[in-house]
Number of protein chains: 2
Amino acid sequence: MLTTTGIAEIAALVGDPARSAMLVALMDGRALTATELANVAGIMPQTASSHLGRMTVAGLLAVERQGRHRYHRLASSTVATMIEGIMAVAAEPANRTKRKVRTGPRDAAVRRARSCYDHLAGSIAVAVADRMGERGYITDLAAGGELSAEGVVFLRSIGVDVDTALNRTTARKLFCRPCLDWSERRPHIAGTIGAALLNACFEHDWMRRTDGSRAISITRTGALALNSNFGIKSGEE
Amino acid sequence: MLTTTGIAEIAALVGDPARSAMLVALMDGRALTATELANVAGIMPQTASSHLGRMTVAGLLAVERQGRHRYHRLASSTVATMIEGIMAVAAEPANRTKRKVRTGPRDAAVRRARSCYDHLAGSIAVAVADRMGERGYITDLAAGGELSAEGVVFLRSIGVDVDTALNRTTARKLFCRPCLDWSERRPHIAGTIGAALLNACFEHDWMRRTDGSRAISITRTGALALNSNFGIKSGEE
DNA sequence: TTCATGCTTCGATGGCGGCCGAAGCATCGA
DNA sequence: TCGATGCTTCGGCCGCCATCGAAGCATGAA
């Protein structure tokens, strides 16, 4: 059987605590060095090197070498989607009852806004996609999504670099892909446009990365901007 | 970290050849006995029993006992979605180049129509969802989906048992969930409605299960029905 | 009650793989 | 050229777990 053994190989790679810790650390789309990932996983660099090598040949990771550093990142958004899928199962009720679950304020922050691969996820991201759909900026999000002409104008008006994003691929259709959201399980905006949107949020200082977590914090100006541009109340404005 | 270890546990379960073979065998939503699954995986019953027990406590499988038989099925559609996600990675170009891939006619059939958990998947299923969206039978499929009043009338007219399906849950909203599709990566109709729809296709003898494969064959009358009801040309009418 | 079937539990075995120490390559700075 | 840093390769150790034989429980039939 073609698929069966392939599935087992891929899943076995994720099925190691050290490797899954590294993969989760890379879920925000950044590229990290081998030693950084070794620290994340709590293992020695030589062990991490072995893991990273195996995940790379399996197509889970991609490597870019800069000088004597080697930066590792997730190979594709398919991999990120897969990990979100596994997360969803791991977070299901059947497993929650087993171990005690305390959903602290930090988890709440992650659930509200976090980075998924290279774009924004969480309830805020879902709300953004909803509003843009309501206003006709995005059409047919379920079927791959298409950015309308009004959508281009709108995004450009709030400082998103739509044009370079548009130049990077051939068809406009592919830009707004739905991406099953871990906590919300509803689509948000991914792809090149999603990356450009998140990038703009950082450049405007609407949002900031959080150290040691996938959570993204929303600044005061960001809360105001979300309200005025999207009509989203994040509770901090 | 809460999620990291949980992810590794779930993935490690899938990461065994015998277990992944069983999971794939269950992907069509049917419930199989322990011995049947042992045959699928090519292992002894006692070994299979151990695997099934572990997957059940982990929340991957659910068991129903009938007499001296124990029927195992996937615990939820979340699990099915996860496995499709892993399949997508295993089928990615990076892995295809490694081993030889021959996409024979049988793979083409699987890609066109197959069962995913308890509902229909493949290009036909995507087309069905598209048409129903175009005609306003389904609204907002991307955001969980909602069946409109016209949709209820339509489905009832083609012999889908909508009413029992509607009674089985509380809100109409939950019925049409998008489900990332393995080959198409576009949403199709899942949930209770999706199950009722597939069921109707079997009862009308529009489609038939294929032995030893997830593929679903389309009968001649089924092709005609798809064309007249949905305007979908499957190439066999 | 007795036997057969389906499945589970127990115990022992064997192998795969994660882990680290030490050594071997690259790259950068002086 | 020499040392420092980042990373990889090699070798050996250890533990976990998949596997199967045999025995123990259920359920159903004779």
- Query: Among A/Val79, A/Leu13, A/Leu74, whose side chain to side chain contact (heavy atoms under 4.5 Å, CB included) with A/Leu61 holds?
  - Reply: A/Leu74

Gap between atoms [atom1] and [atom2], on [X] and [N] respectively (whole Å):
X       : N      : atom1 : atom2 : answer
B/Tyr71 : C/dG6  : OH    : C1'   : 11 Å
A/Met22 : D/dC7  : CE    : C1'   : 13 Å
A/His69 : C/dA26 : NE2   : C1'   : 13 Å
B/Met44 : C/dC7  : CE    : P     : 14 Å
A/Asn39 : D/dG6  : CG    : P     : 11 Å
A/Leu52 : C/dG18 : CG    : P     : 12 Å
A/Leu13 : C/dG17 : CG    : P     : 10 Å
A/Met55 : D/dT8  : CE    : P     : 12 Å

Checking contacts here: which listed nucleotide ([options]) is nearest the side-chain heavy atoms of [X]?
X       : options               : value
A/Arg68 : D/dA4, C/dC20, C/dT8  : D/dA4
A/Arg54 : D/dT19, C/dG18, D/dA4 : C/dG18
A/Asp16 : C/dG18, D/dG6, C/dT8  : C/dG18
B/Arg70 : D/dT8, C/dG18, C/dC7  : C/dC7
A/Ser49 : D/dT19, D/dT5, D/dT8  : D/dT8

- Item | Whether B/His204 side chain and B/Ile158 backbone form a donor-acceptor pair below 3.5 Å | yes

- Message: Tell me whether the side-chain N/O atoms of B/Thr47 come closer than 4.0 Å to OP1 or OP2 in D/dA18.
- Response: no

- 5' precedence on DNA chain D between A/Thr33 and B/Ala18 (nearest-nucleotide basis): A/Thr33

- Under 3.5 Å, is there a donor-acceptor pair linking the side chains of A/Thr81 and A/Glu84? no

- Message: Determine whether A/Ile216 and A/Leu198 satisfy the following criterion, side-chain contact (heavy atoms from CB on, under 4.5 Å), listing intermediate values before the conclusion.
- Response: CA-CA 10 Å; A/Ile216 287 183; A/Leu198 180 59; 4.0 Å; yes

- Report which part of the nucleic acid A/Ser50 touches: base, sugar-phosphate, or nothing (heavy-atom distance under 4.0 Å, all strands). nothing

- Hey, which sits more toward the 5' end of DNA chain C by its nearest nucleotide, B/Gln46 or A/Ile43? B/Gln46

- How do A/Arg65 and A/His51 order along DNA chain C: which one's closest nucleotide is nearer the 5' end? A/His51

- Task: First locate atom NE2 of B/His69, then atom CD of B/Glu36, and finally report the distance between them rounded to the nearest 0.5 Å.
- Result: 9.0 Å

